[in-house]
Amino acid sequence: AERLEFIRKLPKAELHVHIEGTLEPELIFRLAQRNAVTLPYPSIQALRDAYQFTDLQSFLDLYYAGAAVLITQADFYDMTMAYLARIAQEGVVHTEIMFDPQTHTERGVPIATVFAGIARALREGQQTWGITSCLIMSFLRHLSEQAAFDTLEQALPLREEYSDVWLGIGLDSGEQGNPPEKFERVYARCRQLGFYLVAHAGEEGPAAYVSNALDRLNVIRIDHGVRSEEDPVLLQTLAARKIPLTVCPLSNLKLKVVNDMREHNLKRLLDQGLCVTINSDDPAYFGGYLLDNYVAVAEALGLSDEELVTLANNSMQARFHVFLT
Ligand code: HPA
Ligand code: ZN
């Protein structure tokens, strides 16, 4: 408990969280009722009990199903406010939030509804709790590059209205078989447009996906990146270029990227000079928000107070606006 209070007091940034992954079962049921959506689970507990994953895809199936209750601007607002209210209690001072517009536009929800609900919450959250924030619009990598271009075209007319929050572009969903280079041209376009670029790489996919995210997509940060350890030359590059990794310990455990938290390579990566940060990924699904992730690795890996301070400082240094690229 003393450790918890120590970590809570450190100013921290959360740089890898999917807003749809903050949707708690209670809220899923409340929004289903509000929108007259029928859920394939009889109760909140039955839904929670279904959160037993074997890999990334087994999680994504439930994550996309859960997001189907999001219909109106108020739904996106309520989801985002619930997340901000939670992290405000954890000493999080800044958050860079991913969202997946294609999950919603494919169901007929206008992209403007998604932006409006989330952005209203972020602006209000800054007033209420002093938490600064921005958005990373993420493309679903299991869909085509053309679908990503179409999504970008739909979103660009909204850019000015949301210029205070929409700063980044990301890439998520099923990694294996959907390498970074599939999105090389759309990333080049986003780069021209002046967005900060990130991508999931090296979660389930090989170290080569991390190298290609750097070399072909020109990302400034890698989401996950834990499998970079398999390529010593890549590790040197990541350290030399100070490319942050947004590592998500509880996610890695729940999706069986690691079998035991004591085997997590976070400390080894830190010891090799990488800019490692701790994040929650999809906290409603993986059993913990940001503070829980810090505590879980601190205990399992025996991290010192000094290492915890380094991790929190890394998160502050890896925020978009600190980059001068
Ligand atoms: N990996 C890939 N896609 C995702 C994740 C993740 O951890 N969470 C939500 N979408
Ligand atoms: Zn993620």
Side-chain angles (χ1 to χ4, degrees), residues 17-42 44 47 50-51 56-84 97-124 134-163 165-174 178 182-183 186 189-190 193 195 200 281-282 284-285:
V17 59
H18 303 263
I19 199 64
E20 295 90 348
T22 69
L23 203 49
E24 292 285 346
E26 288 75 11
L27 190 52
I28 291 179
F29 268 75
R30 187 152 70 79
L31 297 183
Q33 197 165 35
R34 184 156 97 187
N35 294 322
V37 171
T38 306
L39 293 170
Y41 297 92
I44 292 169
L47 176 58
Y51 293 176
L56 174 57
Q57 190 58 50
S58 66
F59 152 71
L60 290 171
D61 293 343
L62 275 173
Y63 163 83
Y64 295 130
V69 301
L70 297 161
I71 311 284
T72 68
Q73 193 201 117
D75 302 338
F76 291 92
Y77 170 84
D78 288 347
M79 170 175 65
T80 307
M81 281 307 263
Y83 165 68
L84 294 173
I97 299 175
M98 281 179 264
F99 70 114
D100 294 332
Q102 287 158 301
T103 300
H104 314 301
T105 53
E106 282 203 325
R107 300 180 290 111
V109 175
I111 197 164
T113 300
V114 181
F115 269 91
I118 299 173
R120 185 158 64 87
L122 296 184
R123 289 163 180 165
E124 207 176 299
C134 66
L135 286 176
I136 303 169
M137 186 176 87
S138 301
F139 300 125
L140 298 179
R141 68 198 306 157
H142 67 276
L143 301 178
S144 67
E145 187 189 39
Q146 186 56 50
F149 267 116
D150 293 346
T151 301
L152 181 64
E153 286 312 313
Q154 288 171 43
L156 280 178
L158 303 169
R159 191 175 187 190
E160 200 170 293
E161 191 174 350
Y162 300 105
S163 61
V165 286
W166 180 24
L167 304 183
I169 292 290
L171 186 62
D172 59 12
S173 192
N178 297 300
K182 179 176 168 184
F183 297 91
V186 74
R189 177 79 186 115
C190 292
L193 288 163
F195 289 105
H200 282 54
D281 209 4
D282 302 281
Y285 290 89

Using the rule given for side chain to side chain contact (heavy atoms under 4.5 Å, CB included), can you reason through Val109 versus Phe76, listing the C-alpha separation, both sets of side-chain angles and the distance that settles it, and then say yes or no?
CA-CA 11 Å; Val109 175; Phe76 291 92; 4.1 Å; yes
Any side-chain heavy atom of Asn35 sitting closer than 4.5 Å to one from Leu70?
no
Any side-chain to backbone donor/acceptor pair from Arg141 onto Lys182? Under 3.5 Å, distance only.
no
So for atom CD, which belongs to Gln33, do other residues, nucleotides or ligands contribute more than 12 heavy atoms lying within a distance under 6.0 Å?
no
Distance from Cys190 atom SG to Phe149 atom CZ, nearest 0.5 Å?
7.5 Å
Indicate whether any N or O donor in one side chain lies under 3.5 Å from an N or O acceptor in the other, for Thr103 and Tyr63.
no
Identify the two heavy atoms, one from Ser144 and one from Ala147, that lie closest to each other, and give their separation to 0.1 Å.
OG-N, 2.9 Å
What's the spacing between Thr80 OG1 and Arg123 CZ if we round to 0.5 Å?
12.5 Å
Where do Ile169 and Val186 land on the side chain to side chain contact (heavy atoms under 4.5 Å, CB included) test, with the steps shown first?
CA-CA 10 Å; Ile169 292 290; Val186 74; over 6 Å; no
Tell me, do Leu143 and Thr151 make a side-chain contact under 4.5 Å, heavy atoms counted?
no
Counting only N and O atoms by type, is there a donor-acceptor contact under 3.5 Å from the side chain of Asp78 to the main-chain atoms of Asp75?
no
Nearest heavy-atom contact between Ala119 and Val165 is CB-CG2, 4.1 Å
His200 vs His18 side-chain heavy atoms within contact, under 4.5 Å:
yes
What verdict does the ring-ring contact (aromatic ring centres under 6.0 Å, His included) test give for Phe99 and Phe115, after you've listed the backbone C-alpha separation in whole Å, the side-chain angles of each residue and the deciding distance to 0.1 Å?
CA-CA 9 Å; Phe99 70 114; Phe115 269 91; 5.1 Å; yes
For Leu140, does its backbone N or O pair with a side-chain atom of Gln102 as donor and acceptor, under 3.5 Å?
yes
Any idea which heavy atoms bring Ile44 and Pro25 closest together, and the distance?
CG2-CB, 3.8 Å
So which heavy atom on Pro101 is nearest to which on Ile111, and how close?
CB-CD1, 3.7 Å
Take Leu31 and Val37 through the test side chain to side chain contact (heavy atoms under 4.5 Å, CB included) and record every step on the way to the result.
CA-CA 8 Å; Leu31 297 183; Val37 171; over 6 Å; no
Heavy-atom pair of closest approach, residues Met98 and Ser138:
CG-OG, 3.3 Å
Is there a donor-acceptor pair closer than 3.5 Å between any side-chain N or O of Arg107 and the backbone N or O of Ala68?
yes
Decide yes or no on side chain to side chain contact (heavy atoms under 4.5 Å, CB included) for Leu158 and Met137, but give the supporting numbers first.
CA-CA 12 Å; Leu158 303 169; Met137 186 176 87; over 6 Å; no
Nearest-0.5 Å distance, CG of residue Asp100 to CD1 of residue Ile19
11.0 Å
Spatial distance of atom OH (Tyr64) from atom CD (Glu20) [nearest 0.5 Å]
8.5 Å
Ile136 vs Leu167 side-chain heavy atoms within contact, under 4.5 Å:
no
Beyond-backbone contact of Leu135 with Tyr162, side-chain heavy atoms, under 4.5 angstrom
no
State, yes or no, whether a side-chain contact exists between Ile97 and Thr22 at a heavy-atom distance under 4.5 Å.
no
State the CG-CG distance between Leu62 and Leu47, to the nearest 0.5 angstrom.
7.0 Å
Side chains of Arg30 and Val69, heavy atoms from C-beta outward: is any pair under 4.5 Å?
no
Classify the ring geometry between Tyr51 and Tyr285 as parallel (under 30°), tilted (30 to 60°) or perpendicular (over 60°).
tilted
Please give me the minimum heavy-atom distance between Gly174 and Leu56, naming the atom from each residue.
CA-CD2, 4.1 Å
Out of curiosity, Ser173 OG to Gln57 CD, how far, rounded to the nearest 0.5 Å?
6.5 Å
Side-chain donor-acceptor contact under 3.5 Å, Asp150 with Gln154:
no
Could you tell me whether Arg159 sits above the aromatic face of Phe195, with NZ or CZ closer than 6.0 angstrom to the six-membered ring centre and within 45 degrees of the axis?
yes
